[in-house]
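Single-structure report; data block below.
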Amino acid sequence: MSDIKFSFVDEIGVFSSFEERVEKNLPMLETAIKGEERYKSSLGWHKVSKWAGEEWLEKYEALAAKVQNEADCLVVIGIGGSNQAARAVYEGLSGKSNVEIIWAGNTISPDSVSKVLSSLENKKNIWVDCIAKNFETLEPGIAFRVIRDVLRERYKEDYASHVIVTFTEDTKSWKMAQEKGYNLLPFPSDIGGRYTALSPIGLFPLAVAGLDIRAMAKGAENMEKKLKSDFSTSNIALRYATARTELYKNGKSVELLSYFEPRFFRFAKWWKQLFGESEGKDNKGLLPMDTSYSEDLHSLGQFVQDGSPMLFETFLNIETPDASYVLHDDDVDDGFSYLNGKDFRDINKAAYKATLKAHSRRFPCLVLDIEKLDEEAYGSLFYFFQFACYVSCNITGVNPFDQNGVEAYKCDMFQLLGK
Ligand code: PA5
(Lines give C-alpha, C1' and ligand atoms only; values in the text may rest on other atoms or scores of the structure.)
Protein backbone atom coordinates (compact mmCIF):
# COMPACT_ATOMS: atom_id res chain seq x y z
CA MET A 1 0.00 0.00 0.00
CA SER A 2 1.17 3.47 -0.85
CA ASP A 3 0.80 5.44 2.35
CA ILE A 4 1.44 9.07 3.28
CA LYS A 5 2.90 10.04 6.63
CA PHE A 6 2.41 13.50 8.09
CA SER A 7 4.70 15.10 10.65
CA PHE A 8 6.21 18.49 11.42
CA VAL A 9 9.40 19.97 12.76
CA ASP A 10 8.69 22.85 15.11
CA GLU A 11 11.97 24.10 16.56
CA ILE A 12 10.55 27.48 17.57
CA GLY A 13 7.49 26.21 19.44
CA VAL A 14 4.64 27.67 17.37
CA PHE A 15 2.59 24.50 17.75
CA SER A 16 2.59 24.31 21.55
CA SER A 17 -1.18 23.76 21.70
CA PHE A 18 -1.38 21.79 18.46
CA GLU A 19 -3.22 18.74 19.84
CA GLU A 20 -5.90 21.01 21.30
CA ARG A 21 -6.34 22.74 17.94
CA VAL A 22 -6.65 19.40 16.13
CA GLU A 23 -9.32 18.33 18.59
CA LYS A 24 -11.19 21.60 18.07
CA ASN A 25 -11.24 20.95 14.33
CA LEU A 26 -12.73 17.46 14.63
CA PRO A 27 -16.22 18.69 13.59
CA MET A 28 -14.71 19.97 10.30
CA LEU A 29 -13.32 16.49 9.68
CA GLU A 30 -16.69 14.96 10.44
CA THR A 31 -18.34 17.27 7.91
CA ALA A 32 -15.77 16.36 5.28
CA ILE A 33 -16.16 12.62 5.94
CA LYS A 34 -19.94 12.83 5.58
CA GLY A 35 -19.89 15.27 2.66
CA GLU A 36 -22.35 18.13 2.88
CA GLU A 37 -25.73 18.18 1.20
CA ARG A 38 -25.16 21.79 0.04
CA TYR A 39 -22.09 20.62 -1.96
CA LYS A 40 -23.77 17.52 -3.36
CA SER A 41 -23.28 18.68 -6.94
CA SER A 42 -19.49 18.97 -6.39
CA LEU A 43 -18.74 15.81 -4.42
CA GLY A 44 -18.48 13.27 -7.24
CA TRP A 45 -14.77 12.84 -6.33
CA HIS A 46 -15.54 12.00 -2.70
CA LYS A 47 -16.15 8.31 -3.44
CA VAL A 48 -13.36 7.17 -5.74
CA SER A 49 -15.38 4.27 -7.21
CA LYS A 50 -17.95 6.69 -8.61
CA TRP A 51 -15.70 7.69 -11.53
CA ALA A 52 -12.82 5.24 -11.11
CA GLY A 53 -14.72 2.05 -10.36
CA GLU A 54 -14.31 -1.14 -12.41
CA GLU A 55 -16.96 -0.27 -14.98
CA TRP A 56 -15.40 3.10 -15.73
CA LEU A 57 -11.84 1.82 -15.75
CA GLU A 58 -12.85 -0.75 -18.38
CA LYS A 59 -14.35 2.01 -20.52
CA TYR A 60 -11.26 4.21 -20.27
CA GLU A 61 -8.99 1.25 -21.04
CA ALA A 62 -11.07 0.08 -24.03
CA LEU A 63 -10.99 3.49 -25.70
CA ALA A 64 -7.31 3.89 -24.76
CA ALA A 65 -6.50 0.54 -26.44
CA LYS A 66 -8.21 1.76 -29.61
CA VAL A 67 -6.13 4.95 -29.60
CA GLN A 68 -2.94 2.93 -28.93
CA ASN A 69 -3.72 0.64 -31.88
CA GLU A 70 -4.15 3.49 -34.30
CA ALA A 71 -2.23 6.53 -33.13
CA ASP A 72 1.31 7.58 -32.29
CA CYS A 73 0.13 10.81 -30.72
CA LEU A 74 -2.78 12.10 -28.64
CA VAL A 75 -3.25 15.85 -28.39
CA VAL A 76 -4.87 16.55 -25.02
CA ILE A 77 -6.61 19.92 -25.15
CA GLY A 78 -7.60 21.37 -21.78
CA ILE A 79 -6.72 23.97 -19.19
CA GLY A 80 -6.61 24.12 -15.38
CA GLY A 81 -8.42 21.19 -13.82
CA SER A 82 -8.93 19.74 -17.29
CA ASN A 83 -5.23 19.10 -17.81
CA GLN A 84 -3.09 19.46 -14.68
CA ALA A 85 -3.62 16.07 -12.98
CA ALA A 86 -2.98 13.90 -16.04
CA ARG A 87 -0.01 16.05 -17.00
CA ALA A 88 1.43 15.85 -13.49
CA VAL A 89 1.54 12.06 -13.64
CA TYR A 90 2.64 11.89 -17.28
CA GLU A 91 5.59 14.18 -16.62
CA GLY A 92 6.36 12.57 -13.26
CA LEU A 93 6.44 8.98 -14.50
CA SER A 94 6.91 9.39 -18.29
CA GLY A 95 4.68 7.70 -20.87
CA LYS A 96 5.03 3.93 -21.29
CA SER A 97 3.14 3.34 -24.55
CA ASN A 98 3.71 4.04 -28.24
CA VAL A 99 1.53 7.14 -27.99
CA GLU A 100 3.10 10.49 -27.18
CA ILE A 101 0.84 12.95 -25.39
CA ILE A 102 1.03 16.51 -26.65
CA TRP A 103 -0.56 19.14 -24.38
CA ALA A 104 -2.50 21.99 -25.96
CA GLY A 105 -5.24 24.47 -25.13
CA ASN A 106 -3.60 25.68 -21.92
CA THR A 107 -2.22 28.92 -23.37
CA ILE A 108 -3.07 31.54 -25.98
CA SER A 109 0.56 32.17 -26.84
CA PRO A 110 0.93 32.05 -30.64
CA ASP A 111 4.45 30.65 -30.20
CA SER A 112 3.07 27.74 -28.21
CA VAL A 113 0.38 27.05 -30.81
CA SER A 114 3.01 27.05 -33.52
CA LYS A 115 5.21 24.70 -31.46
CA VAL A 116 2.32 22.24 -31.07
CA LEU A 117 1.68 22.39 -34.81
CA SER A 118 5.34 21.72 -35.66
CA SER A 119 5.44 18.79 -33.25
CA LEU A 120 2.50 17.23 -35.13
CA GLU A 121 4.20 17.44 -38.53
CA ASN A 122 6.15 14.19 -38.21
CA LYS A 123 3.37 12.24 -36.48
CA LYS A 124 1.94 9.33 -38.43
CA ASN A 125 -1.51 9.19 -36.87
CA ILE A 126 -3.00 11.88 -34.66
CA TRP A 127 -5.92 11.67 -32.25
CA VAL A 128 -7.23 14.42 -30.03
CA ASP A 129 -9.07 14.51 -26.69
CA CYS A 130 -10.67 17.89 -26.04
CA ILE A 131 -11.53 18.17 -22.34
CA ALA A 132 -13.78 20.93 -21.01
CA LYS A 133 -16.46 21.05 -18.36
CA ASN A 134 -18.04 24.12 -19.91
CA PHE A 135 -16.96 24.33 -23.49
CA GLU A 136 -16.89 28.11 -23.21
CA THR A 137 -13.30 28.38 -22.00
CA LEU A 138 -11.40 30.34 -24.62
CA GLU A 139 -8.06 28.49 -24.58
CA PRO A 140 -9.32 24.94 -25.27
CA GLY A 141 -12.05 26.31 -27.56
CA ILE A 142 -9.67 27.91 -30.02
CA ALA A 143 -6.99 25.21 -29.69
CA PHE A 144 -9.64 22.66 -30.71
CA ARG A 145 -10.34 24.74 -33.83
CA VAL A 146 -6.67 24.76 -34.77
CA ILE A 147 -6.29 21.00 -34.26
CA ARG A 148 -9.53 20.31 -36.17
CA ASP A 149 -7.95 22.09 -39.14
CA VAL A 150 -4.95 19.76 -38.94
CA LEU A 151 -7.19 16.69 -38.71
CA ARG A 152 -9.49 17.79 -41.54
CA GLU A 153 -6.54 18.39 -43.80
CA ARG A 154 -5.18 14.92 -43.11
CA TYR A 155 -8.27 12.76 -42.77
CA LYS A 156 -10.91 14.71 -44.72
CA GLU A 157 -14.47 13.50 -43.89
CA ASP A 158 -13.09 10.79 -41.63
CA TYR A 159 -11.53 13.35 -39.25
CA ALA A 160 -14.33 12.91 -36.64
CA SER A 161 -13.20 9.35 -35.88
CA HIS A 162 -9.90 10.80 -34.59
CA VAL A 163 -11.68 13.09 -32.15
CA ILE A 164 -12.66 12.35 -28.57
CA VAL A 165 -14.41 15.00 -26.56
CA THR A 166 -14.77 14.90 -22.80
CA PHE A 167 -17.70 17.24 -22.28
CA THR A 168 -20.58 17.50 -19.82
CA GLU A 169 -23.46 15.29 -20.94
CA ASP A 170 -26.63 16.86 -22.32
CA THR A 171 -25.11 20.28 -22.83
CA LYS A 172 -25.08 22.23 -26.09
CA SER A 173 -21.47 21.19 -26.75
CA TRP A 174 -22.25 17.51 -26.00
CA LYS A 175 -25.08 17.60 -28.57
CA MET A 176 -22.82 19.34 -31.09
CA ALA A 177 -20.22 16.56 -30.59
CA GLN A 178 -22.86 13.87 -31.06
CA GLU A 179 -24.00 15.49 -34.31
CA LYS A 180 -20.43 15.62 -35.59
CA GLY A 181 -19.86 11.94 -34.78
CA TYR A 182 -17.01 12.47 -32.29
CA ASN A 183 -16.13 9.81 -29.70
CA LEU A 184 -17.60 10.82 -26.36
CA LEU A 185 -16.48 10.61 -22.75
CA PRO A 186 -18.50 12.28 -20.01
CA PHE A 187 -17.02 15.11 -17.94
CA PRO A 188 -18.44 14.34 -14.48
CA SER A 189 -21.24 16.84 -13.92
CA ASP A 190 -20.77 16.38 -10.16
CA ILE A 191 -17.07 17.37 -10.00
CA GLY A 192 -15.39 20.75 -10.56
CA GLY A 193 -12.26 20.69 -12.74
CA ARG A 194 -9.58 20.77 -10.03
CA TYR A 195 -11.04 17.72 -8.24
CA THR A 196 -11.18 15.48 -11.36
CA ALA A 197 -7.86 13.60 -11.13
CA LEU A 198 -9.62 10.26 -10.52
CA SER A 199 -12.14 10.51 -13.37
CA PRO A 200 -11.95 10.38 -17.19
CA ILE A 201 -10.21 13.77 -17.06
CA GLY A 202 -7.14 12.48 -15.23
CA LEU A 203 -7.34 8.79 -16.02
CA PHE A 204 -8.14 8.44 -19.72
CA PRO A 205 -5.07 10.29 -21.12
CA LEU A 206 -2.87 8.32 -18.71
CA ALA A 207 -4.37 5.01 -19.87
CA VAL A 208 -3.46 6.03 -23.44
CA ALA A 209 0.07 6.77 -22.21
CA GLY A 210 0.30 3.20 -20.87
CA LEU A 211 0.28 4.18 -17.21
CA ASP A 212 -1.39 1.95 -14.65
CA ILE A 213 -4.66 3.72 -13.92
CA ARG A 214 -5.87 0.78 -11.84
CA ALA A 215 -2.97 1.33 -9.45
CA MET A 216 -3.87 5.02 -9.31
CA ALA A 217 -7.48 4.17 -8.45
CA LYS A 218 -6.28 1.67 -5.86
CA GLY A 219 -3.98 4.24 -4.21
CA ALA A 220 -6.84 6.74 -4.09
CA GLU A 221 -9.32 4.20 -2.74
CA ASN A 222 -6.95 3.11 0.00
CA MET A 223 -6.44 6.73 0.98
CA GLU A 224 -10.20 7.31 0.93
CA LYS A 225 -10.69 4.36 3.31
CA LYS A 226 -7.91 5.56 5.58
CA LEU A 227 -9.21 9.12 5.83
CA LYS A 228 -12.88 8.30 6.14
CA SER A 229 -12.40 5.56 8.72
CA ASP A 230 -10.20 7.57 11.06
CA PHE A 231 -12.47 9.96 12.92
CA SER A 232 -9.86 10.96 15.44
CA THR A 233 -7.09 13.48 16.03
CA SER A 234 -4.65 11.14 14.28
CA ASN A 235 -6.36 11.61 10.89
CA ILE A 236 -3.53 12.86 8.65
CA ALA A 237 -5.75 15.13 6.53
CA LEU A 238 -7.06 16.78 9.69
CA ARG A 239 -3.55 17.17 11.10
CA TYR A 240 -2.19 18.69 7.88
CA ALA A 241 -5.23 20.98 7.49
CA THR A 242 -4.94 22.08 11.13
CA ALA A 243 -1.21 22.78 10.87
CA ARG A 244 -1.49 24.91 7.73
CA THR A 245 -4.56 26.84 8.89
CA GLU A 246 -2.96 27.46 12.32
CA LEU A 247 0.08 28.91 10.59
CA TYR A 248 -2.24 31.08 8.50
CA LYS A 249 -3.90 32.35 11.70
CA ASN A 250 -0.40 33.00 13.07
CA GLY A 251 0.27 35.46 10.25
CA LYS A 252 1.76 33.27 7.53
CA SER A 253 0.39 34.07 4.10
CA VAL A 254 2.33 31.69 1.83
CA GLU A 255 2.60 27.90 1.87
CA LEU A 256 5.54 26.64 -0.14
CA LEU A 257 5.30 23.07 -1.40
CA SER A 258 8.98 22.11 -1.44
CA TYR A 259 10.47 18.98 -2.91
CA PHE A 260 13.87 17.54 -3.74
CA GLU A 261 12.50 15.62 -6.72
CA PRO A 262 11.95 17.82 -9.80
CA ARG A 263 9.49 15.23 -11.13
CA PHE A 264 7.01 16.96 -8.80
CA PHE A 265 7.14 20.18 -10.85
CA ARG A 266 3.82 19.57 -12.65
CA PHE A 267 2.25 17.99 -9.59
CA ALA A 268 2.97 21.24 -7.73
CA LYS A 269 1.05 23.13 -10.43
CA TRP A 270 -1.93 20.86 -9.80
CA TRP A 271 -1.59 21.40 -6.03
CA LYS A 272 -1.36 25.19 -6.46
CA GLN A 273 -4.59 25.23 -8.46
CA LEU A 274 -6.37 22.98 -5.96
CA PHE A 275 -5.56 25.09 -2.92
CA GLY A 276 -5.40 28.48 -4.63
CA GLU A 277 -8.78 28.21 -6.32
CA SER A 278 -10.48 26.44 -3.43
CA GLU A 279 -9.21 28.52 -0.53
CA GLY A 280 -8.32 31.91 -1.99
CA LYS A 281 -11.60 33.78 -1.62
CA ASP A 282 -13.54 36.15 0.64
CA ASN A 283 -10.23 37.95 1.32
CA LYS A 284 -8.83 34.78 2.87
CA GLY A 285 -6.39 32.03 2.02
CA LEU A 286 -2.77 30.98 1.94
CA LEU A 287 -0.99 31.67 -1.35
CA PRO A 288 0.24 28.26 -2.55
CA MET A 289 3.68 28.39 -4.16
CA ASP A 290 6.39 25.80 -4.75
CA THR A 291 10.15 25.43 -4.74
CA SER A 292 12.08 22.72 -6.54
CA TYR A 293 15.21 21.92 -4.54
CA SER A 294 18.10 21.73 -4.55
CA GLU A 295 17.99 24.09 -7.57
CA ASP A 296 15.84 26.74 -5.88
CA LEU A 297 18.03 26.73 -2.77
CA HIS A 298 20.40 28.70 -5.00
CA SER A 299 17.76 31.29 -5.82
CA LEU A 300 14.73 31.45 -3.51
CA GLY A 301 16.59 29.71 -0.70
CA GLN A 302 17.92 33.08 0.43
CA PHE A 303 14.40 34.49 0.77
CA VAL A 304 13.06 31.40 2.53
CA GLN A 305 15.86 31.45 5.11
CA ASP A 306 16.23 35.16 5.59
CA GLY A 307 13.54 37.20 3.82
CA SER A 308 10.14 38.50 4.85
CA PRO A 309 8.67 36.03 7.38
CA MET A 310 5.49 35.46 5.38
CA LEU A 311 5.89 31.80 4.58
CA PHE A 312 6.16 28.25 5.82
CA GLU A 313 7.01 25.05 3.97
CA THR A 314 5.38 21.70 3.37
CA PHE A 315 7.99 19.20 2.23
CA LEU A 316 6.95 16.43 -0.12
CA ASN A 317 9.52 13.74 0.48
CA ILE A 318 10.07 10.47 -1.41
CA GLU A 319 11.72 7.94 0.92
CA THR A 320 13.07 5.65 -1.83
CA PRO A 321 13.92 7.21 -5.17
CA ASP A 322 13.80 4.95 -8.25
CA ALA A 323 17.32 5.57 -9.47
CA SER A 324 20.69 5.37 -7.83
CA TYR A 325 24.09 6.61 -8.96
CA VAL A 326 27.33 6.29 -7.07
CA LEU A 327 29.96 9.00 -7.47
CA HIS A 328 33.29 7.40 -8.33
CA ASP A 329 36.79 8.37 -7.43
CA ASP A 330 38.42 10.77 -9.90
CA ASP A 331 42.04 11.72 -10.58
CA VAL A 332 41.17 15.41 -10.97
CA ASP A 333 41.70 17.24 -7.69
CA ASP A 334 38.30 18.98 -7.92
CA GLY A 335 37.61 19.34 -4.20
CA PHE A 336 34.76 16.82 -4.20
CA SER A 337 36.67 13.72 -3.06
CA TYR A 338 34.78 13.78 0.27
CA LEU A 339 31.84 12.49 -1.77
CA ASN A 340 33.70 9.52 -3.31
CA GLY A 341 31.58 6.36 -3.11
CA LYS A 342 28.45 8.25 -2.07
CA ASP A 343 25.15 7.69 -3.85
CA PHE A 344 23.25 10.69 -5.30
CA ARG A 345 20.34 9.34 -3.26
CA ASP A 346 22.25 9.96 -0.04
CA ILE A 347 23.62 13.30 -1.15
CA ASN A 348 20.10 14.50 -2.05
CA LYS A 349 18.79 13.16 1.29
CA ALA A 350 21.53 15.01 3.16
CA ALA A 351 20.60 18.24 1.36
CA TYR A 352 16.96 17.62 2.32
CA LYS A 353 17.72 16.96 5.99
CA ALA A 354 19.99 19.98 6.22
CA THR A 355 17.37 22.23 4.59
CA LEU A 356 14.67 20.96 6.93
CA LYS A 357 16.90 21.68 9.90
CA ALA A 358 17.92 25.16 8.74
CA HIS A 359 14.44 26.25 7.64
CA SER A 360 12.77 24.93 10.79
CA ARG A 361 14.85 27.43 12.78
CA ARG A 362 12.66 30.08 11.12
CA PHE A 363 9.21 28.47 10.88
CA PRO A 364 7.57 25.10 11.49
CA CYS A 365 8.14 22.77 8.55
CA LEU A 366 5.38 20.34 7.64
CA VAL A 367 6.45 17.02 6.13
CA LEU A 368 4.57 14.55 3.94
CA ASP A 369 6.53 11.32 3.37
CA ILE A 370 5.73 8.85 0.65
CA GLU A 371 7.60 5.58 0.14
CA LYS A 372 8.11 5.77 -3.63
CA LEU A 373 6.74 7.69 -6.58
CA ASP A 374 4.52 5.46 -8.72
CA GLU A 375 0.93 5.41 -9.98
CA GLU A 376 -0.42 4.20 -6.63
CA ALA A 377 1.35 7.04 -4.83
CA TYR A 378 -0.12 9.61 -7.22
CA GLY A 379 -3.63 8.22 -6.59
CA SER A 380 -3.02 8.43 -2.89
CA LEU A 381 -1.63 11.99 -3.09
CA PHE A 382 -4.48 13.27 -5.26
CA TYR A 383 -7.12 11.96 -2.85
CA PHE A 384 -5.23 13.07 0.23
CA PHE A 385 -4.83 16.67 -0.95
CA GLN A 386 -8.41 16.93 -2.28
CA PHE A 387 -9.78 15.73 1.05
CA ALA A 388 -7.37 17.86 3.11
CA CYS A 389 -8.34 20.88 1.02
CA TYR A 390 -12.01 20.27 1.83
CA VAL A 391 -11.16 20.06 5.55
CA SER A 392 -8.99 23.21 5.35
CA CYS A 393 -11.76 25.18 3.63
CA ASN A 394 -14.18 24.04 6.34
CA ILE A 395 -11.76 25.35 8.96
CA THR A 396 -11.29 28.73 7.26
CA GLY A 397 -15.00 28.92 6.39
CA VAL A 398 -14.92 29.21 2.61
CA ASN A 399 -16.67 27.26 -0.16
CA PRO A 400 -14.09 24.72 -1.45
CA PHE A 401 -15.83 24.17 -4.76
CA ASP A 402 -16.60 27.53 -6.37
CA GLN A 403 -14.27 29.98 -8.10
CA ASN A 404 -16.26 33.14 -8.77
CA GLY A 405 -13.10 35.27 -8.70
CA VAL A 406 -11.92 33.95 -12.07
CA GLU A 407 -14.85 35.64 -13.83
CA ALA A 408 -13.65 39.22 -13.25
CA TYR A 409 -10.90 39.37 -15.89
CA LYS A 410 -13.06 37.35 -18.30
CA CYS A 411 -15.70 40.10 -18.50
CA ASP A 412 -13.06 42.64 -19.45
CA MET A 413 -11.36 40.26 -21.88
CA PHE A 414 -14.60 39.33 -23.62
CA GLN A 415 -15.42 43.03 -23.99
CA LEU A 416 -12.03 43.66 -25.58
CA LEU A 417 -12.51 40.71 -27.90
CA GLY A 418 -16.07 41.69 -28.87
CA LYS A 419 -17.89 38.65 -27.51
O1 PA5 B 1 -11.47 23.94 -11.10
C2 PA5 B 1 -12.13 24.40 -12.03
O3 PA5 B 1 -13.33 24.10 -12.20
C4 PA5 B 1 -11.51 25.32 -13.08
O5 PA5 B 1 -10.25 25.72 -12.73
C6 PA5 B 1 -11.48 24.62 -14.43
O7 PA5 B 1 -10.78 23.43 -14.32
C8 PA5 B 1 -10.85 25.45 -15.53
O9 PA5 B 1 -11.35 26.76 -15.53
C10 PA5 B 1 -11.14 24.84 -16.90
O11 PA5 B 1 -12.53 24.79 -17.15
P12 PA5 B 1 -13.16 23.99 -18.35
O13 PA5 B 1 -12.92 22.55 -18.16
O14 PA5 B 1 -14.61 24.32 -18.30
O15 PA5 B 1 -12.49 24.49 -19.62
Side-chain angles (χ1 to χ4, degrees), residues 39-46 51 75-89 103-108 112-113 128-148 163-177 182 184-206 266-281 285 287-288 382-383 385-390 392-393 398-414 417 419:
Y39 296 140
K40 212 173 141 204
S41 60
S42 307
L43 284 170
W45 58 273
H46 199 252
W51 290 97
V75 184
V76 174
I77 297 175
I79 194 163
S82 295
N83 119 330
Q84 311 255 54
R87 196 168 182 182
V89 182
W103 307 93
N106 61 323
T107 158
I108 322 167
S112 301
V113 175
V128 58
D129 180 14
C130 181
I131 307 176
K133 187 171 175 75
N134 305 305
F135 188 55
E136 283 171 16
T137 314
L138 188 147
E139 291 87 342
I142 57 178
F144 192 20
R145 266 205 189 184
V146 173
I147 302 299
R148 279 202 304 274
V163 177
I164 303 161
V165 295
T166 310
F167 286 167
T168 309
E169 279 176 289
D170 298 327
T171 54
K172 198 172 145 217
S173 46
W174 179 266
K175 284 177 194 138
M176 170 276 286
Y182 300 154
L184 297 155
L185 276 175
F187 195 115
S189 57
D190 55 1
I191 318 184
R194 57 190 178 275
Y195 290 85
T196 55
L198 285 311
S199 82
I201 318 310
L203 297 174
F204 171 69
L206 294 173
R266 282 276 162 197
F267 181 81
K269 265 178 108 64
W270 172 85
W271 176 88
K272 286 188 283 191
Q273 182 189 354
L274 177 70
F275 280 92
E277 237 179 7
S278 303
E279 224 176 18
K281 55 195 61 156
L287 175 67
F382 283 133
Y383 195 88
F385 279 122
Q386 289 176 184
F387 192 90
C389 184
Y390 186 10
S392 287
C393 290
V398 295
N399 180 335
F401 305 116
D402 67 1
Q403 61 279 329
N404 298 327
V406 299
E407 298 308 317
Y409 87 92
K410 283 188 193 168
C411 294
D412 293 324
M413 177 180 72
F414 289 146
L417 293 171
K419 184 176 177 182

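Values in this document were obtained by computation on a predicted structure and should not be read as measured data. Hydrogens, waters and symmetry mates play no part in the numbers below; they use all other heavy atoms, side chains included. Just so you know, ligand 1 is whichever comes first in the structure, and atom 1 is the first atom listed for that ligand.
Judged purely by atom type and a 3.5 angstrom limit, Lys281 uses its side chain to pair as donor or acceptor with the backbone of Asn399. Looking only at distances, no side-chain donor or acceptor of Lys133 sits under 3.5 Å from a matching main-chain atom of Gly81. Remark: the backbone N or O of His46 is paired with a side-chain donor or acceptor of Tyr383 at under 3.5 angstrom.
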*asked:* One pair to check against side chain to side chain contact (heavy atoms under 4.5 Å, CB included): Phe135 and Cys130. What are the steps and the verdict?
replied: CA-CA 9 Å; Phe135 188 55; Cys130 181; 3.9 Å; yes
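Counting only non-hydrogen atoms, the option in Thr196, Val406, Ile191, Asn134 that gets closest to atom 14 (O) of ligand 1 is Asn134. Checking Gln403, Glu139, Gln273 against atom 5 (O) of ligand 1, the nearest heavy atom belongs to Gln273.
When heavy-atom distances to ligand 1 are checked against a 4.0 Å cut-off, Glu136 has no atom that comes that close, whether in backbone or side chain.
Summary of contacts: the protein heavy atom closest to atom 13 (O) of ligand 1 is Ser82 OG, 2.7 Å. Protein heavy atom nearest atom 7 (O) of ligand 1, with residue, atom name and distance: Gly81 N, 2.9 Å. Nearest protein neighbour of atom 15 (O) of ligand 1, counting heavy atoms only, is Thr137 OG1, 2.7 Å.
Partners of Gln84 under the side chain to side chain contact (heavy atoms under 4.5 Å, CB included) rule, at least two apart in sequence or in another chain, are Lys269, Trp270, Gln273. Take Leu287 and apply the side chain to side chain contact (heavy atoms under 4.5 Å, CB included) test, not counting sequence neighbours, and it matches Val254, Met289.
The shortest N or O to N or O distance between Ala132 and ligand 1 is not under 3.5 Å.
Counting protein heavy atoms under 4.0 angstrom from atom 9 (O) of ligand 1 gives zero.
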